[in-house]
Amino acid sequence: MAYPYQITSYEAYTEAYKKSIENPEAFWSDVAENFTWKKKWDSVLDWNFTEPNVKWFSGAQLNITENCLDRHAKEMGSTPALIWEPNDPSEKNRLLTYSKLLERVCQFGQVLKNNGVKKGDRVCIYMGMIPELAVVTLACARIGAIHSVIFGGFSAQSIADRLYDAQAEFIVTCDGAFRGAKDIPLKSVIDDSLIGNRSIKKVIVVTRTRTPISMLKGRDVWYEDEMKHVEEQGIHFIEAEPMDAEDPLFILYTSGSTGKPKGVVHACGGYMVYTDYSFVNVFQYKKSQIHFCTADIGWITGHSYILYGPLSAGATTVIFEGVPTYPDAGRFWDIVAKYKVNILYTAPTAIRSLMGFGLGPLQDKDLSSLKVLGTVGEPINEEAWHWYDEHVGKKQCPIVDTWWQTETGGILISNLAGITPSKPSWATLPLPGVQMLLVDEKGEEVLDDGNETVSGNLCIKGPWPSVLRTTYGDHERCRTNYFATYPNLYFTGDGALRNKEGYYRITGRVDDVLNVSGHRIGTAEVENAINMHAGVIESAVVGYPHDVKGQGIYAYVIFGHIHGDETLTRKDLLQTVTRIIGSIAKPDKIQFVTGLPKTRSGKIMRRILRKIAEGETDNLGDTSTLLDPGVVDEIKRGKL
Ligand code: WTA
């Protein structure tokens, strides 16, 4: 059966868009009618962006897992919900049908209950990409606990900060994770994060690598033992907890321009409707197709387009444990051929990195099952777009360039595969329900001026169903970060161009947030970590263009006393950043300097540092306001 809310022609898109703007309530209630609700809504939408306070489907009750599991288990229980491809291709893969996944989710839901987890409790999940990660995440949703998944690349210190911020009392982790040639000791990182912690009541540990780990009596329990216990109790099903549409579903931490990551909170009802709607429309998903999103569930892309969107739509979703280059750079193509993948959704960084291996790894790989390709997370350069189109899609597959954010919950700007036109490196048109606009520095709307492409800061008028509701524990932070820069608008933090067709092209962040390999990292966060190193007096971090990662991290560091030599000191600094944030935030370049360009009021002129890092030496703009213009020449001479 097709999806009644699937847009199947360009005209239907224009019509849907028009209706969604003229009457959002009618538009979204029509879409929402296709979902399973325990109780229907009293009102579709109440909102203001001043507090902000956004409520979709007020009065309604639901449980997202009934939409993702029960309704499909009933109608097509033997259809695969998850296909899991292990890191090592010689290990046996696993497949969970909708019936099986529902049963496992119920059983683990019971495990959570047996361990004292209640509705509204925060459960932190720190796991590798194994089927149990899906089971655990969905089981939290089943019983109404709020999950907060932390990507496996974050350090003990980052986890400790997040546990504290979320006031989490429960953790689910693995002994370790396999990622390419590496074993990541997840449980041992968790143990480090819990030194001195008195609030965590239980740590549930899934066996994966079976590396020796410490298991603390009274706190740590094995997943397998707990599941067996539930099985012995004869429990195969538990009722889904009724959730108010506005109850929080999860927290996901993301970096902003200040030093501390924010816990973005998404609500059950709107998130469910929008992730499913956007999945079905952007990728033009057809029943029984195989969808492979290569992201990690530790990021929003994994939440929305490995788990919730595809499962709600009854799709078969592939979970891949490893990395694109292991055991060789043909791994993605092997997976596509093995499972006859129809939709491949990945990051420009992965494409650029695979391009570097030439066409060899693609030879003799059967990619004929592919119908739609997608990219996410960062701007895609035209060269990578064409390579993807020619060598992966064989010019037969539309490419969707999907723009969105952790805070938006789902894709907001993208072409709809094969339905609306694509344009290399342009995300193109907003989805129905999404009113994008550009504003200038003063907050004035930038209007089209006839035929030229215009540029500005990307903002959104009015709410879409999966807009973030708050930042956990600090609503004011949500307001100042997103809703206060321009009155009555949501500000994305991105800059963009708009051409005369109304297509958007994202040019990148306009705030102090970097996008490294599609991962968001705040420069202030990296500076804080560097400054923690004994001997560092001050530092400034900026981004610079990087061929594969999109952006690289360039750190200028004032060091009091170099202990040993510079190379070793650089390594010490990398260790410090790895300890404080995680290896994903390690600077690519560290330049030691004796001073930083500052204004007389003491503000670092990042613009100058950015230009130098980009390789610009002449046009540094006005440096006359600098306290000590001489420092700029020194920095230029020492550029790495
Ligand atoms: C960037 C990832 C250009 C953008 C889903 C945004 C993109 C940030 C695109 C959000 C795209 C995401 N083209 N830039 N198609 N998609 N971005 O929260 O700067 O990890 O603000 O969400 O990634 O990153 P986040």
Side-chain angles (χ1 to χ4, degrees), residues 149-151 153-154 250-257 261-266 271 274-275 278-279 282-283 293-306 308-309 345-352 373-382 384-385 388 399-415 422-431 434 436 457-460 466-468 471 481-482 485 490-498 503-523 525 543 549-551 584-585:
V149 185
I150 301 179
F151 175 63
F154 282 111
F250 65 84
I251 305 172
L252 188 58
Y253 283 85
T254 189
S255 294
S257 46
K262 304 177 279 261
V264 168
V265 177
H266 282 289
Y271 179 82
Y274 196 80
T275 50
S278 53
F279 172 73
V282 170
F283 300 102
C293 165
T294 72
D296 192 288
I297 293 176
W299 306 111
I300 191 69
T301 306
H303 281 59
S304 302
Y305 299 110
I306 296 178
Y308 289 114
Y345 189 32
T346 194
T349 292
I351 300 169
R352 287 191 296 262
L373 303 176
T375 70
V376 58
E378 46 179 326
I380 181 161
N381 47 315
E382 290 201 29
W385 195 98
Y388 201 29
I399 297 177
V400 290
D401 177 351
T402 65
W403 176 88
W404 57 299
Q405 309 179 298
T406 306
E407 295 84 347
T408 71
I411 298 165
L412 296 194
I413 311 180
S414 174
N415 49 315
S422 67
K423 186 171 164 69
S425 86
W426 290 70
T428 73
L429 295 167
L431 262 69
V434 181
M436 306 302 311
N457 289 343
L458 189 65
C459 291
I460 308 170
S466 61
V467 59
L468 87 161
T471 45
N481 259 285
Y482 307 105
T485 316
Y490 168 89
F491 176 42
T492 63
D494 281 330
L497 307 176
R498 186 178 58 226
Y503 296 179
Y504 286 89
R505 177 185 188 152
I506 314 304
T507 47
R509 303 286 306 193
V510 294
D511 53 9
D512 289 321
V513 174
L514 306 180
N515 192 327
V516 180
S517 301
H519 300 152
R520 266 164 76 170
I521 299 171
T523 53
E525 229 179 307
K549 299 179 179 183
Q551 265 188 313
I584 54 167

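Along the sequence shown, the residues carry numbers beginning at 1. Given the structure is predicted, the values throughout are model-derived calculations rather than measurements. Atoms within a ligand are numbered from 1 in the order they appear, just like the ligands themselves.
- In summary, the aromatic rings of Y490 and Y482 are positioned with their centroids under 6.0 Å apart.
- Residue, atom and distance of the protein heavy atom nearest to atom 2 (C) of ligand 1 are W404 O, 3.9 Å.
- Aromatic ring centres of W299 and F151: separated by under 6.0 Å.
- In the vicinity of I300, heavy-atom distances shorter than 4.0 Å reach the ligand 1 atoms 5 (C), 22 (O).
- In summary, E382 and R352 do not engage in a salt bridge, as defined by a charged side-chain N under 4.0 Å from a carboxylate O.
- The closest donor-acceptor contact from the side chain of Y345 to the backbone of A295 lies at 3.5 Å or more, if one exists at all.
- Residue T301 has at least one heavy-atom neighbour below 4.0 Å for each of these atoms of ligand 1: 5 (C).
- In terms of protein heavy atoms, atom 18 (O) of ligand 1 is closest to T406 OG1, 2.5 Å.
- The ligand atoms of ligand 1 that sit less than 4.0 angstrom from a heavy atom of V376 are 5 (C).
- Inspection of the W403 and D494 side chains reveals an N or O donor paired with an N or O acceptor under 3.5 Å.
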Check the pair R520 / E407 against salt bridge (Lys or Arg N to Asp or Glu O under 4.0 Å), numbers first and verdict last. CA-CA 12 Å; R520 266 164 76 170; E407 295 84 347; 2.9 Å; yes
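- Listed by number with element, the atoms of ligand 1 under 4.0 Å from a non-hydrogen atom of N515 are 1 (C), 23 (O).
- In terms of polar-atom proximity, T402 is counted as a contact of ligand 1, with an N or O under 3.5 Å from an N or O of the ligand.
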Residues W404, Y305; criterion ring-ring contact (aromatic ring centres under 6.0 Å, His included); working and verdict: CA-CA 12 Å; W404 57 299; Y305 299 110; 5.1 Å; yes
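- Summary of contacts: the protein heavy atom closest to atom 24 (O) of ligand 1 is R520 CD, 3.1 Å.
- The shortest N or O to N or O distance between G377 and ligand 1 is under 3.5 Å.
- With respect to atom 3 (C) of ligand 1, the closest heavy atom belonging to the protein is P379 N, 3.1 Å.
- The six-membered or imidazole ring of H303 lies near that of F250, with a centre-to-centre distance under 6.0 Å.
- Among all non-hydrogen protein atoms, the one lying nearest atom 4 (C) of ligand 1 is D494 OD2, 3.0 Å.
- Where the criterion is an N or O separation shorter than 3.5 Å, residue side chain and backbone included, E407 fails it with respect to ligand 1.
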